[in-house]
Amino acid sequence: MPKRKVTTSGEVLEKHSQAGDVWRRFKRNKLAMVGMVIAIILILIAVFANVIAPYNPAQVSTQRLAMPSAQHIMGTDNFGRDLFSRTVYGTRVSLLISLLSLVFSLIIGIVLGATAGFFGGVYENIIMRICDILMCIPGMLLAVMISSVLGIGIVNTAIAIAVSGVAPCIRMIRATVLQIRSQEFVEAARATGSRNGRIIFHEILPNVLSPLIVDSTMRIGGNILQISGLSFIGLGVQPPTCEWGSIMSAGQEFITTFWPMITFPGIMILLTVFAFNVMGDGLRDALDPRLKQ
Amino acid sequence: MTKYVVKRLLIMIPTLLGVLLIIFAINKMIPGDPAKLALGSNFTQEAYEAKRAQMGLDKNVVIQFFDYVKGVVTHFDLGTSYDTKRPVSGMILSRIGITLKLGIWSCIVTIVIGVAIGILSAVKKYSVIDYVMTTLAIIFSAAPGFWVALMSMMVFCLKLGWFPAGGMGGWRYMVLPVLCMALSPISLVVRMTRTSMLDVINQDYIRTARAKGVAERNVIFKHAFRNALIPIITVIGAQLTMVVGGSFIIESVFSIPGIGMLLLTAINTRDYPAIQGTVLVLSFFVCIINLLTDIAYAYADPRIKSQYVGGKSRGLKRKGEKQDAKA
């Protein structure tokens, strides 16, 4: 039973929180709910990869390129490793890199975007011009270039992807901060003597949260596309670490005779990106009811 | 309009300089000595010193940057490939034709099919065709291009034998690469066109147009589509840059000898000058796409056009505005 409050005129007011409202609106969007369920399952797979995977993903055997069977439900790869186990562990690697690079780009994005929007002036101009230039180099190519310099590996890939996607993030945060900066409550905070740091962190950033949540959700999917792309062309993460893109890259050699190495990792990427994209769409509608009635 | 285009062209110069600066900065972060990388494994101390002087590595970093810019601008000098020991610019120029052909076709396919399906979806909203198209759009916008390329290769080339599995030749070689490159951009253009058209179709002036007996075709294309155009142009511009950025993976899957392939080979041999040269050239195309997008904005939005139309042509502008008001 939700808590109820009865006013003097006899009206019954249901107590509801903002988070509750958002959740109610989000729940109505079936596609977004499907996305959320898939995302949760994927996260569980990533966390419990060692429990779910029936074999050690690095265990080689003589059964090479075996078609899917009861024993190996996705078949085995060119070294006789169980593809299902590799795909399951690939979930862990992909989500980990994606989240890591999300965190990196959020840190840079929030610090630069919020200060640029808040302080303005020459400082803002310099940062925004750098963003303009960064956005002229296609994200994937920038990631390729940085990744080729930094070398392969989980952290290096995360950095490459974070840097290549940081410019839109800075822009978005700055634009939102600009809208909020001139509102009355910020002025009130300043009038009561709050310092800049307090205004940015306590007054402005909480209001940037909802576009940031939407952007981050979408970014997880986008990052995974980039990670798999990088690994596919020989950068990013390389064997023996399992990653969807690198499994497909290895499978390309056997494309004429053996389909599972390409099909299954691709379906996993598709599902992951789909899940986070539709969830992001749903969150956008739920967090900003003005956009969609 | 000329004034606007000229202004945009001038803005491109500092942007391209910035791109050069970023590529130069990344170049400086490469671990190892470039002179040693260029020489290979066996060399004498004298040869090493000579190479350093020849590459300008003994100079100040700022001067190095200006030399680099000067080289690129005056004679398109992108350095010498570590791998083939040939100038990178020549390697790029000999392959750029194929990439351009593929890229331009992908852009055309993206715009035409994306906008057409988007309009169809919006006009027949909540019909079977709308549901099918929007579902496909959501799915394909989540699919990695290279995976779609591999899958379609398995199905259409190897199983069904409809198209050749790689290389370059007649139109049959182009179909799959172009479609794979355009698929994910198309799906985003479809979604944006649909949303934007639906927003406009509910406006009062569309009802007015219908009420006064304008043919439905004219309502859709002259009244609704023109006004829905701005967000559509934005998303098309963004997606076309994605086509450029993603083309190299598709080229590698279909073994098309364009600059994407060059980039891939360069990545595998850690041939840094070739990597940077290709990225620079592709970024240049992105700048051109951005320029065309901005010009398209000016054509679609009379408010932007009017800022730059002055003098004699003002009368024309008024006429144009009246027509827009009528619409």
Side-chain angles (χ1 to χ4, degrees), chain A residues 31 35 129-130 132-151 163-164 168 221-222 224-230 232-235 244-245 248-249 251-252 255-259 261-263 265-278 281 292, chain B residues 11-12 14-23 26-31 135 138-148 150-151 153-154 157-158 165 184 191 241-249 252-253 263-264 266-268 270-272 275-276 278-280 282-287 290:
Chain A
L31 196 59
R129 287 299 82 73
I130 294 175
D132 285 348
I133 293 163
L134 275 177
M135 283 172 80
C136 260
I137 307 179
M140 191 62 200
L141 288 178
L142 196 58
V144 163
M145 221 163 49
I146 299 172
S147 181
S148 71
V149 170
L150 291 178
V163 174
S164 70
I224 282 176
L225 281 180
Q226 284 202 330
I227 296 163
S228 61
L230 282 180
F232 181 73
I233 58 169
L235 295 164
W244 297 328
M248 278 195 256
S249 177
Q252 207 186 347
I255 186 168
T256 43
T257 49
F258 190 69
W259 53 269
M261 269 178 92
I262 288 163
T263 313
I267 291 174
M268 288 303 280
I269 298 176
L270 182 73
L271 270 180
T272 318
V273 180
F274 167 80
F276 284 101
N277 278 358
V278 292
D281 273 340
K292 199 178 176 184
Chain B
I11 295 176
M12 232 173 104
T15 316
L16 281 173
L17 272 180
V19 171
L20 278 173
L21 180 63
I22 288 176
I23 291 177
I26 293 176
N27 189 11
K28 287 285 131 192
M29 286 192 284
I30 293 168
T135 315
I138 291 175
I139 291 171
F140 280 119
S141 63
F146 63 91
W147 180 65
V148 177
L150 288 169
M151 293 301 285
M153 195 164 162
M154 283 201 291
C157 307
L158 303 172
S184 137
R191 288 171 72 186
T241 62
M242 295 285 283
V243 169
V244 175
S247 60
F248 67 97
I249 300 192
S252 95
V253 172
L263 178 64
L264 262 300
I267 289 169
N268 286 327
R270 293 294 185 269
D271 186 355
Y272 295 111
I275 297 180
Q276 283 145 15
T278 25
V279 172
L280 180 66
L282 291 174
S283 304
F284 177 70
F285 288 132
V286 172
C287 285
N290 288 344

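Labels below follow one simple rule: chain letters A, B, ... track the order of the sequence lines, proteins then strands, and each chain is numbered from 1.
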Examine whether an atom of [X] lies under 4.5 Å from a heavy atom of chain B, and if so say whether it belongs to the side chain, the backbone or both; otherwise answer neither.
{"X": "Leu235(A)", "result": "side chain"}
{"X": "Leu31(A)", "result": "side chain"}
{"X": "Leu134(A)", "result": "both"}

[X], part contacting chain A, at a heavy-atom distance under 4.5 Å:
{"X": "Ile26(B)", "value": "both"}
{"X": "Thr15(B)", "value": "both"}
{"X": "Leu263(B)", "value": "side chain"}
{"X": "Phe248(B)", "value": "side chain"}
{"X": "Leu150(B)", "value": "both"}

Handout entry: Side-chain heavy atoms of Met140(A) within contact of Leu230(A), under 4.5 Å
Key = yes

Practice task
Answer whether the closest heavy-atom distance between the side chains of Asp281(A) and Arg191(B) falls below 4.5 Å.
Solution key: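 The answer is yes; the side chains approach within 4.5 Å.
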
Given the options [options], which has more heavy-atom pairs under 4.5 Å with chain B than any of the others?
{"options": "Gly221(A), Gly234(A), Gly229(A)", "result": "Gly229(A)"}
{"options": "Gln226(A), Met145(A), Gln252(A)", "result": "Met145(A)"}
{"options": "Thr263(A), Val278(A), Ile146(A), Asn277(A)", "result": "Thr263(A)"}

Handout entry: Exam field: side chain Ser249(A) to backbone Phe232(A), donor-acceptor pair closer than 3.5 Å
Key = yes

Exercise for the section: Ignoring hydrogens and angles, tell me if any N or O in the side chain of Trp147(B) forms a donor-acceptor pair with the backbone of Ile262(A) under 3.5 Å. Expected result: yes

Practice task
Apply side-chain contact (heavy atoms from CB on, under 4.5 Å) to Phe146(B) and Ser252(B), showing your working.
Solution key: CA-CA 9 Å; Phe146(B) 63 91; Ser252(B) 95; over 6 Å; no

Exercise for the section: Would you give the length of the straight line joining atom CH2 of Trp244(A) to atom CE of Met268(A), rounded to the nearest 0.5 angstrom? Expected result: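 Reported to 0.5 Å precision, the distance equals 4.5 Å.
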
Practice task
Return the minimal non-hydrogen interatomic distance between Ile269(A) and Pro144(B), and the atom names on each side.
Solution key: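 Reported closest heavy-atom pair: CG2-CG, 3.6 Å.
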
Practice task
Give a yes or no on whether Met135(A) atom CE has more than 12 heavy-atom contacts from other residues, nucleotides or ligands under 6.0 Å away.
Solution key: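 More than 12 heavy atoms, drawn from other residues, nucleotides or ligands, come within 6.0 Å of this atom.
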
Problem - Among the listed options Thr241(B), Leu264(B), Asn290(B), Leu280(B), the residue most often paired with chain A at heavy-atom distances under 4.5 Å - result: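 Most heavy-atom pairs under 4.5 Å with chain A: Leu264(B).
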
